[in-house]
Amino acid sequence: MEPYCFKNITYTYPGQEKPALSDISFTVERGEFIILCGASGSGKTTLLKRLKESNPEFGFVMQNPETQIVTDQVCHELAFGMESMGVPTERMWRAIAETATYFGMEDWMERDTRQLSGGEMQLVNLASVLVMNPDVLLLDEPTAQLDPMAATEFIEVVKRLNAQMGITVIMIEQRLEEALAACDRMLVLHDGRMAAYGSVADVYAKICRSELSAQYFSYMPAYVRLYARMNRDGDSGTDSDENCPQSIKECRKWFYENDVALPVRETSVKQREGEYSIVCGNVFFRYERTGEDVLKGVHYRICPGRIYGIAGGNGGGKSTFLKLLTGAKRPYHGKINVSGKTAYMPQEPRYLFIQDTIGDILTDPRAVERFGMDGFLDRHPYDVSGGQMQRLAMAYLYEQEAEIYLFDEPTKGLDPDWKRVFGEWLEELAAAGKTVLIVTHDVEFAANYCEWMSMCFHAGLSEPEPTPEFFRGHYFYTTAFHKIVRDRYPYAVSERSLHEE
């Protein structure tokens, strides 16, 4: 079978002088699984869109689950594409029945799409694409807004589709620990150009041994970074790139067989007593008078000068809780006391902006420089990538004078370097006595920067506990780093648990 050959892809957005893509050429064998990665704004999404525009028969799943949903019921969503193409009714419903059975959606057909969780929405989006029987599936960070469990399930479905049905997959993905174990090749974009393309092992070697290392090493999975660090420090007992593990399982085997010792530092975090910036007492909330409680019996209190995180599954009430803290929603029972002005970054940051250009939004040169927006000041705020939109929202909040900062999924679409910049800003806010509260599915970021964590589950919210305690011993809701080292270092939940060199 002939491979897919993509040649000399170049694209410049209207009104821009610098190309978003420059002379991208690569070949994909039929049935391959390709992971596409690179810095925020490097052209990843643009490349997928160009592939889709040039090949309308390719299936495409977007980053935001809600963006792709167009109808009110699951059955209508699965039928929408085929109805638009005039597919005969009998053939259409046969395809829907087969797809729904494969995904276990038989009982979902009459469900309202607005009532689905984020993970369920994304599975419906995937099913509605696959019902069209595409040979190639393009996925733009499909797990960015999913909780770790839903993300793992989604990636497993994609892996199964590739392995069992031979569907060619090209996927942008930040959660590389799981995705790379199934992929055949990686494509790394840098500033609109192809920086590396080849097998996972070849790209590992090129990244780790070339001038790309300084910029892209942080993009590598936790098991690659841990292996490289211990080889560099001379403590691992092996020194060959050929032995670099390519999965968490392989890294655990290497770690324990070589009796690797880590420079773990002691951490101690104490909650302040008597000074609380947010206090919630027995809070209940529901969206409809006769509906179910989204939050019930919530008791929660936090102090200034700390970074707090809230984790939990999609649809668990996390975003609703932040809206209650801002005053946008009000509980029907219980009390909420928020001491000080609040700055809030919603899950969909575009709702913050009504101006025509980014230059109209940002007035502080320090915010522009810190969050890398200097090259975008003449653009409309909607005409940037997802990661750039997140950074714009951060820069906007950077200019605000507030005592309490609330963030809803702030790291989605951000590359590792910009996550670090964001995390450093949060630490500065906490050091200045501000209260920082983050709702996030990004367990790696939470483990690195949050001092206290809570879990939102079954309409409840747990009291904050120190982050090492929160992640310690978890098999599912924890970091890839901790999955590797937990048997020997139960409180080492992130690479920042190690001493700096």
Side-chain angles (χ1 to χ4, degrees), residues 39-41 63-67 118 141 143-148 151 174-175 218 278 302 306-314 316-323 325-326 328 342-353 358 361-362 367-368 370-373 376 381-382 384-400 402-430 432 434-454 456 464 467 479 494 496:
S40 173
Q63 181 183 117
N64 188 337
E66 296 183 16
T67 301
E141 286 196 61
T143 69
Q145 298 194 42
L146 305 186
D147 65 74
Q174 299 281 9
R175 304 183 190 199
S218 60
I278 295 176
I302 59 178
R306 295 283 186 264
I307 303 175
Y308 296 84
I310 298 177
N314 292 96
K318 304 182 300 300
S319 297
T320 298
F321 181 64
L322 290 192
K323 292 174 183 177
L325 298 182
T326 66
T342 298
Y344 170 55
M345 177 177 166
Q347 189 172 129
E348 187 51 71
R350 69 178 58 212
Y351 298 144
L352 291 173
F353 312 125
I358 291 175
I361 297 169
L362 302 179
V368 172
R370 179 153 198 175
F371 294 97
M373 302 309 299
F376 307 96
Y382 292 3
V384 294
S385 71
Q388 290 162 349
M389 177 78 74
Q390 296 296 112
R391 285 156 43 199
L392 172 59
M394 292 169 186
Y396 176 73
L397 263 66
Y398 183 86
E399 295 186 357
Q400 311 303 308
E403 297 302 317
I404 298 170
Y405 289 80
L406 308 175
F407 299 90
D408 194 352
E409 296 295 345
T411 64
K412 69 178 189 291
L414 291 188
D415 61 59
D417 289 335
W418 284 112
K419 288 182 183 181
R420 176 183 51 78
V421 171
F422 176 57
E424 290 172 352
W425 175 46
L426 298 187
E427 291 178 330
E428 292 174 12
L429 289 174
K434 311 296 185 181
T435 302
V436 180
L437 177 58
I438 305 169
V439 161
T440 184
H441 293 315
D442 190 340
V443 294
E444 304 287 342
F445 182 85
N448 275 310
Y449 293 100
C450 293
E451 300 168 276
W452 295 80
M453 289 294 298
S454 299
C456 191
T467 296
T479 64
S494 74
R496 295 189 88 199

Taking atom [atom1] of [X] and atom [atom2] of [Y], what is their separation to the nearest 0.5 Å?
{"X": "M345", "Y": "I438", "atom1": "CE", "atom2": "CD1", "result": "10.0 Å"}
{"X": "I358", "Y": "M389", "atom1": "CD1", "atom2": "CE", "result": "8.0 Å"}
{"X": "I307", "Y": "I302", "atom1": "CD1", "atom2": "CD1", "result": "11.5 Å"}
{"X": "D415", "Y": "S218", "atom1": "CG", "atom2": "OG", "result": "7.0 Å"}
{"X": "L426", "Y": "Y308", "atom1": "CG", "atom2": "OH", "result": "14.0 Å"}
{"X": "L397", "Y": "L392", "atom1": "CG", "atom2": "CG", "result": "10.5 Å"}

>> I'd like to know whether R306 forms a side-chain contact (heavy atoms from CB on, under 4.5 Å) with T435, so could you lay out the CA-CA distance, the side-chain angles of the two residues, the decisive distance to 0.1 Å, and finally the verdict.
In response: CA-CA 6 Å; R306 295 283 186 264; T435 302; over 6 Å; no
>> If you compare all heavy atoms of L352 against all heavy atoms of A393, which two are closest, and at what distance to 0.1 Å?
In response: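 What the structure gives for the nearest pair is CD1-CB, 4.0 Å.
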>> Check for me whether the distance between the ring centres of F422 and Y449 falls short of 6.0 Å.
In response: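 Not under 6.0 Å, so no.
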> Do the two ring centres, one from W418 and one from F371, sit under 6.0 Å apart?
Replying inline: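 No: the rings miss the under 6.0 Å criterion.
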>> Holding to side chain to side chain contact (heavy atoms under 4.5 Å, CB included), I want the full list of residues that pass it with E403, two or more places apart in sequence or in another chain.
In response: K434
Is [X] reaching over with its side chain to a backbone N or O of [Y], donor-acceptor style, under 3.5 angstrom?
{"X": "E409", "Y": "H441", "answer": "yes"}
{"X": "K412", "Y": "T440", "answer": "no"}
{"X": "S385", "Y": "Q388", "answer": "yes"}
{"X": "T479", "Y": "S494", "answer": "no"}
{"X": "T467", "Y": "E451", "answer": "yes"}
{"X": "D147", "Y": "N314", "answer": "yes"}
{"X": "Q347", "Y": "D408", "answer": "no"}
{"X": "K318", "Y": "C456", "answer": "no"}
{"X": "Q400", "Y": "Y396", "answer": "yes"}

>> Between V421 and M394, is there a side-chain heavy-atom distance shorter than 4.5 Å?
In response: no
> Is I278 close to L325 at the side-chain level, that is, under 4.5 Å between some pair of heavy atoms?
Replying inline: yes
> Salt bridge between R496 and E427, side-chain N to carboxylate O under 4.0 Å?
Replying inline: yes
>> Using a 6.0 Å cut-off, check whether atom CD of E66 has over 12 heavy atoms from anything other than its own residue.
In response: no
>> Please determine whether the number of non-hydrogen atoms from other residues, nucleotides or ligands lying under 6.0 Å from atom OH of Y382 exceeds 12.
In response: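 Yes.
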>> Check for me whether R370 meets the cation-pi criterion with Y398, that is, NZ or CZ under 6.0 Å from the six-membered ring centre and within 45 degrees of the ring axis.
In response: no
> Would K419 and D442 satisfy salt bridge (Lys or Arg N to Asp or Glu O under 4.0 Å), going step by step from the backbone distance to the final call?
Replying inline: CA-CA 10 Å; K419 288 182 183 181; D442 190 340; 2.8 Å; yes
>> Can you classify the ring geometry of Y405 versus F407 as parallel (below 30°), tilted (30 to 60°) or perpendicular (above 60°)?
In response: parallel
